[in-house]
Each structure stands twice: as structure tokens, then as C-alpha cells.
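Each chain gets a letter, A, B and so on, in the order its sequence line appears, and its residues count up from 1.
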Amino acid sequence: MTKDQIFEFFRLLAEDNPDPQTELEYGNAYQLVVAVALSAQATDVGVNKATRALFAKVKTPQQMLELGEEGLREHIKTIGLFNSKAKNVIALSRLLVDEYGGKVPDSREELVKLPGVGRKTANVVLNCWFGQETFAVDTHIFRVGNRTGLAKGKTPEQVEAKLEKRVPAPFRLGAHHWLILHGRYVCKARTPECWRCPVVDLCSFKKKVLEKPKGRV
DNA sequence: CTCCCGATAT
DNA sequence: ATATCAGGAG
């Protein structure tokens, strides 16, 4: 994609969805960290279903430690990978209390020290809570970047590096959400809905599904 | 690289 | 039945 095409790409996504937001539910920075840590290889809908009850009781890392690993496991056992996630969230909460005064740090360097928090989760927190222009390359953004030709790469890090270079200034803060929502609802993994895609004319996807399958909405 | 792992869409 | 879902750790 040329510079002009990339600008047009985001202009169209922005026009389609003026104010994109995360679909994870949270009330503060700590809950955001927990929600994103729980969301690995799980749907936002499934995570929200579990955190609704959890976050009503637990709003701070101190309260999470009071709940304990076993109590947390009960809340999140409907989410995949719940065992390792419970361990991580307890460990992460302990570290926040012991080393950070119960507050979520605002740098990637510090965030990735938290158990269960890798580069992608750190980038989400930096963007959604601290308003930084980060590009959290999850499964959706990885797919959209590679399919469309916006940012091809063999690893999420490579895709992130290309986004870092290519996304124009006016779209840098929102790009992360435009791409993820586009990937979730239009440029889907199994059944991409190219017939209703706003950026189909700019896309390099070889197997474009241009016709709307009959009997679908 | 493998392991972790329930719910949902196809 | 199986692919996929806001990945990260060992």
C-alpha cells in the first residue's frame, strides 16, 4: 500500500466507526490489566461474563489477594487457560502491592515485568488507559495487517514495527481499535465478509469473498 | 517449539 | 468435529 492508500484505509475505517472503544469491561487501570490478561485466546464476551461478578467485588490488587487464587479460579473457570491465568493474576497483584504501591505502572518496561503481561497486553494498557500511541498486535490485527497488505510480517513484532512506521499521525491513537474491530466483525478469520468491507478496494487479499453468500444477513 | 483450555461459530 | 478466540511462559 502507498502512503495515500494507507491514509485512505484509515479514513474509511474511521468514517465507518468514529469512536472505536475496547469491548472489555473495566472500571480502573488495575481491572483493565486483569481483563486483558484474562483475554488471551478467549472472546471479549466470555471474559466480560466472568469479570462482571469478579470486578463487582474486586477493584484493587489488595482485594484480589484477599479473594485468593482459589476464589479467583471459581470466577474465571469458564474462560480457557483459567488455571495459569489465575496464578498469573494473583502473582501480578502481589507484585503490584509489593513493588508499585498498588498502582499500575505507565511504562511498557515495567508492565511486562508483571506475570501474564507480555508486550501485547502492555501495549493495550498503554493505549487504552494511558493514551499512548501503541500498536497491540493481537490475533485480529496480525491477520488484518497480513491480509490487507497494510503491515505484513511473520511475527506480531514485525507487524507492529511496520504499523509504527506506516500509520499516519491523525490515526495513530485509534488505529489499534479500528484494526481490531475490523478484524473481529468484518475481516474475520474463517469467514471474511469482504462484500461489506469498507476497505476492500485497497486490500491485497487473494481470496476475496466479494459475493454475499445467499441466505445470510 | 509446546503447553495451557472453556465457550462459541462454522 | 474442529477452528478460533484481544497470548504468555517455560
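Rounded to a whole angstrom, the distance from the C1' atom of B/dC5 to that of C/dT4 is 13 Å. Between C/dG8 and B/dA7, the distance separating the two P atoms is 23 Å to the nearest Å. Using atom P as the reference point in both C/dA1 and B/dC4, the two lie 23 Å apart (nearest Å).
Judged purely by atom type and a 3.5 angstrom limit, A/Asn17 has no side-chain atom pairing as donor or acceptor with the backbone of A/Trp178.
Separating the NE2 atom in A/His177 from the SG atom in A/Cys128 is a distance of 3.5 Å, to the nearest 0.5 Å.
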Distance-only donor-acceptor pairs under 3.5 Å for side chains of residues 105-114 of chain A, two or more places apart:
| residue | atom | partner | partner atom | Å |
| --- | --- | --- | --- | --- |
| A/Ser107 | OG | A/Glu110 | N | 3.2 |
| A/Arg108 | NH1 | A/Asn123 | OD1 | 2.5 |
| A/Glu110 | OE1 | A/Tyr100 | OH | 2.5 |

Would you mind writing out the side-chain donor-acceptor pairs for residues 32-43 of chain A within the sub-3.5 Å range, not counting sequence neighbours?
| residue | atom | partner | partner atom | Å |
| --- | --- | --- | --- | --- |
| A/Ser39 | OG | A/Val36 | O | 2.7 |
| A/Thr43 | OG1 | A/Gly46 | N | 3.1 |

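Computed from coordinates, the A/Asn48 CG to B/dT8 C1' distance equals 15 Å when rounded to whole Å. In this structure, A/Tyr185 places its OH atom 12 Å from P of B/dA9, rounding to the nearest Å.
Checked against the 6.0 Å centroid criterion, the rings of A/Phe171 and A/Phe7 qualify as a close aromatic pair.
A salt bridge links A/Glu193 with A/Lys188: the distance from a Lys NZ or Arg NE/NH1/NH2 to an Asp or Glu carboxylate oxygen falls below 4.0 Å.
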Inset, instruction - Using a 4.0 Å cut-off on protein heavy atoms (strictly under), produce a 5'-to-3' string for nucleotides 3-10 of chain C with B for base contact, S for backbone-only sugar-phosphate contact, and - for none. - result: BSBBBSS-
